[in-house]
Amino acid sequence: MAKDADRSATLSIGETTIDLPIMSPSLGPDVLDIRKLYAQGDVFTFDPGFTSTASCESDITYIDGDKGELLYRGYPIDQLAENSHFLEVCYLLLYGELPSAQELNKFETLVTRHTMLHEQMTNFFRGFRRDAHPMAIVCGVVGAMSAFYHDSTDISDAHQREVATVRLVAKLPTIVAWAYNYHTGRPLVYPRNDLDYAANFLHMCFSVPCEEYKVNPILSRAMDRIFTLHADHEQNASTSTVRLAGSSGANPFACIAAGVACLWGPAHGGANEAALSMLREIGTVDRIPEYIKKSQDKNDSFRLMGFGHRVYKSYDPRAKVMQETAKEVLELLGVEDNPTLQVAQELEKIALSDPYFIEKKLYPNVDFYSGIILDAMGFPTTMFTPIFALARTVGWISQWKEMIADPSMKIGRPRQLYTGATHRNYVNVEDR
Ligand code: CMC
């Protein structure tokens, strides 16, 4: 809980003076409590894109954009990426503390035992066109979970919320892998309980019935890191979408499907796909200046994909870990002289010393290097955003659970600055 306000700011509007309590977070800037503003002052605030508005209280994830710091429940992301693993991070995000060995074992067993999908769901996959984007399939199938798992859709029942949580974390890898299998015309591969979360995902994506597929531990570790780095990111667009959908009382599967839909956009999760396409389009190091120039041209909508962030005005801490992982993976696969990586490294160097990028504080973000790793592992670009969705599901569900358990939860309902026509009378069609 934020500390009770013992300070306030005063706002004067004409003759009226309004006291706005100042709330103190445990980290980060103070927050003005404007909840009574409309009632007392008959005015709204205007903040499209929520650039200065805290939409909720949360104790899950903290970002310091100036320092380039990301904490999950207080733990720095680089420490977690180095020393922990995804399912432990899931436990931390969902329940607030790192688990004991026994708690972790129980949680891992529970998640592992829920990875299968209802068999009838295979028909659902087959209903999609083969050439459908896997993100479209994931969005549809996650939404359809509410039609298959009725016994975990009552949001007022804490046990059902818990069951839905485990189902979502456990089944997303299967859904994403099956979207890929279906999209590429392969058989749907069932999960294997003897593999860990990331290795099982690679197995479901890449194994075929006609030969044995051995998961390389360096690749499964890299996959696990990608999951960990994408697990949560406070009130970003898709998380806010999940919260807004959930605030009406919608069931968890419908809310997470809404988050998947929002994540798809190129300004958000779709940026990893767009970043790799851009690096490939640039192709060679000598063409970089041309693209840098394009990205700075006000009359050109082109942006350097994988650069810039609403909150980070310094190096995205996730991009640092991603860059190291990219090197490890490419070394293992013997493609250190990968031309895309060369373009990426050179582009980063040039952009970081360019006055435009320095002045606007535009640094590489998490999506700049993740595409290179996923591409080297053998994933097509269309799979990049579904993999992000898989990893972010735990963040979405943690934030959704936090909101539902908050007794002060209200339906999210922003106001507007209306600029349309004032009153006018209807005119019959023959008189228009
Ligand atoms: N290339 C060139 N110029 C840029 C870029 C870029 N990638 N990003 C921002 N700018 C410029 C922008 O033109 C604007 O200039 P001006 O002030 O002269 O109008 C200024 O920087 C501020 O940009 P903004 O769009 O107002 O900033 P924002 O906070 O609304 O947008 C962003 C953040 C991530 C949408 C944006 O930086 C962007 O479009 N980046 C490329 C897409 C991308 O990589 N997205 C992934 C984000 S990280 C993963 C995730 O969380 O989903």
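Excluded from the calculations below are hydrogen atoms, water molecules and symmetry mates; all remaining heavy atoms, backbone and side chain alike, are included. We count ligands from 1, going down the list as the structure has it; atoms in each ligand are counted the same way.
Within the 4.5 Å cutoff, side-chain heavy atoms of Y149 are placed close to those of H118. Between P25 and D30, some side-chain heavy-atom pair lies under the 4.5 Å cut-off.
A donor atom on one side chain and an acceptor atom on the other are found under 3.5 Å apart for S84 and E88. Under the 3.5 Å distance criterion, with hydrogens and angles disregarded, a donor-acceptor pair is assigned to the side chains of Y369 and Q323.
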Distances for all N or O pairs of ligand 1 and the protein under 3.5 Å?
from: ligand 1; atom 1: 1 (N); to: L304; atom 2: N; distance (Å): 3.1
from: ligand 1; atom 1: 3 (N); to: Y356; atom 2: OH; distance (Å): 3.0
from: ligand 1; atom 1: 7 (N); to: L304; atom 2: O; distance (Å): 2.7
from: ligand 1; atom 1: 7 (N); to: F307; atom 2: O; distance (Å): 3.0
from: ligand 1; atom 1: 13 (O); to: R303; atom 2: NH2; distance (Å): 3.4
from: ligand 1; atom 1: 18 (O); to: K298; atom 2: NZ; distance (Å): 2.6
from: ligand 1; atom 1: 18 (O); to: K360; atom 2: NZ; distance (Å): 2.8
from: ligand 1; atom 1: 19 (O); to: K298; atom 2: NZ; distance (Å): 3.3
from: ligand 1; atom 1: 25 (O); to: R303; atom 2: NH1; distance (Å): 2.9
from: ligand 1; atom 1: 25 (O); to: R303; atom 2: NH2; distance (Å): 2.9
from: ligand 1; atom 1: 29 (O); to: R310; atom 2: NE; distance (Å): 2.8
from: ligand 1; atom 1: 30 (O); to: R310; atom 2: NH2; distance (Å): 3.0
from: ligand 1; atom 1: 39 (O); to: R303; atom 2: NH1; distance (Å): 2.9
from: ligand 1; atom 1: 40 (N); to: F307; atom 2: O; distance (Å): 2.9
from: ligand 1; atom 1: 44 (O); to: G306; atom 2: N; distance (Å): 2.8
from: ligand 1; atom 1: 44 (O); to: N365; atom 2: ND2; distance (Å): 3.0
from: ligand 1; atom 1: 45 (N); to: A267; atom 2: O; distance (Å): 3.2
from: ligand 1; atom 1: 52 (O); to: H268; atom 2: O; distance (Å): 3.2
from: ligand 1; atom 1: 52 (O); to: H268; atom 2: ND1; distance (Å): 2.5

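Scanning for salt bridge (charged side-chain N to carboxylate O under 4.0 Å, His left out) contacts around R161 gives an empty result, with sequence neighbours left out.
In this structure, R130 places its CZ atom where more than 12 heavy-atom neighbours from other residues, nucleotides or ligands lie under 6.0 Å away.
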